[in-house]
Novice: 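Pasting a structure below so you can have a look.
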Amino acid sequence: MPKRHFASDNYSGVCPEAWAAMAEANTDHVPAYGNDTWTSQAADLIRGVFETPCEVFFVFNGTAANSLSLSHCTQSYHSVLCHDVAHIEKDECGAPEFFSNGSKVLLLPGEHGRLTPDGVEEAVLRRSDVHYPKPRVVSVTQATEVGTLYTPAELRAIGAMAKKHQLRFHMDGARFANAVAALGVAPREITWQAGVDVLCFGGTKNGTAVGDAVVFFNRDLAREFEYRCKQGGQLCSKMRYLSAPWVGMLKNDVWLRHANHANAMGRLMFDLVAAIPGVRILFPNQVNSVFVDLPKPTIQALWSRGWMFYNFIGEGGCRLMCSWDTTEDDVRTFAKDLAELMPVPN
Ligand SMILES: *Cc1c(COP(=O)(O)O)cnc(C)c1O
């Protein structure tokens, strides 16, 4: 049976660097609720990554990071604009609406999981009466739910449109590390320099056990966010166990090394499966995932051999997701099985 799978990067375990930092933090008594040196060090390292004095909060997961940060941007009569396949709408069980007391999430189309500035403007200008939930936030996912990327220029254009219409700019960065690694840019170029107000910076999929960071570049917006975290059940009392792994990840660019590796495995998977007759590729490969359309019997046969992968993400199709610990051998073994299990062309 395979030891590693392609279902999600959160099927992976904890990377050695995050684990070691956790172990190191597991000594003596330290102040609770984030008043410890691990947490201040992790926040400082994040400020170093972004080269700006941002406000940083650690919460348990991405859904909490997204819903609490979005709710901090809105009144209940506002709306949040995002892509049709956005995690905040499709995969968070209504948490953004729940935590914002009813702000509506409005879906916009766009090729390959990406919003366009024109699409955003159309949604804003569509209506201006009190019967329509007033757009207040535009949310993008970087890297997107379908494994594509916004370029810095595309983000700047959306940021400019957000500014023009007084929208807050939110980024779901569950795979932000993969995006930075793939684009080879300074993190600032795809965040605050493009107008992003708040980033949900994911750690879990890149090798930590638990704990994502909410990073406010717009520091006014961060005001009283600690109360929202506490009320939302997201203030970890033993905070060092969320923050210490970030220290392990951010020192020596470990986070980028792991993301680069996952991306390289995604590229290898893409090259191998794209060469198999009958496999239809659904999206360009830009980070650590490959989306393919496979015949139903082939999917069943792969599952029977023990391979785990999802076939309901994004716009359907099978998602093959690589992670920080995927090996080249894992990818080659999977691709070989897939080639064997495809129907013989007639
Ligand atoms: C995984 C993921 C999240 C966070 O999910 P949690 O399970 O709540 O940690 C958020 N956005 C995207 C795009 C994701 O893939």
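Counting starts at 1 for both ligands and their atoms, in listed order.
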Novice: Quick one: do S8 and N10 satisfy side-chain hydrogen bond (donor to acceptor under 3.5 Å, both in side chains)? Show the steps, please.
Specialist: CA-CA 5 Å; S8 180; N10 58 21; 2.8 Å; yes
Novice: With the threshold set at 4.0 Å, does a side-chain nitrogen-carboxylate oxygen contact exist between E224 and R228?
Specialist: no
Novice: Name the option, out of G202, G62, G173, A174, that contains the heavy atom nearest to atom 6 (P) of ligand 1.
Specialist: G62
Novice: Considering only heavy atoms of R175, which atoms of ligand 1 have at least one such atom less than 4.0 Å away?
Specialist: 15 (O)
Novice: Report, in ascending order of atom number, the atoms of ligand 1 lying under 4.0 Å from any heavy atom of K205.
Specialist: 1 (C), 2 (C), 3 (C), 14 (C), 15 (O)
Novice: Short question: side chain of H170, backbone of S139 - any donor-acceptor pair under 3.5 Å?
Specialist: no
Novice: Within ligand 1, which atoms have a heavy atom of T141 less than 4.0 Å away?
Specialist: 13 (C)
Novice: Does even one non-hydrogen atom of T204 get within less than 4.0 Å of ligand 1?
Specialist: no
Novice: Does ligand 1 come near enough to D172 that some N or O of the ligand is less than 3.5 Å from an N or O of the residue?
Specialist: yes
Novice: Tell me the protein heavy atom at minimum distance from atom 5 (O) of ligand 1, and give that distance in Å.
Specialist: H87 CE1, 3.5 Å
Novice: So does D9 pair up with K205, basic N to acidic O under 4.0 Å?
Specialist: no
Novice: Please step through salt bridge (Lys or Arg N to Asp or Glu O under 4.0 Å) for the pair R126 and E122, ending with a clear verdict.
Specialist: CA-CA 6 Å; R126 194 181 292 162; E122 195 279 324; 2.9 Å; yes
Novice: Looking at every heavy atom in both M342 and P277, which two are closest together, and how far apart are they?
Specialist: CE-O, 3.7 Å
Novice: Would T63 count as a polar contact of ligand 1, with the cut-off being nitrogen or oxygen pairs under 3.5 Å?
Specialist: yes
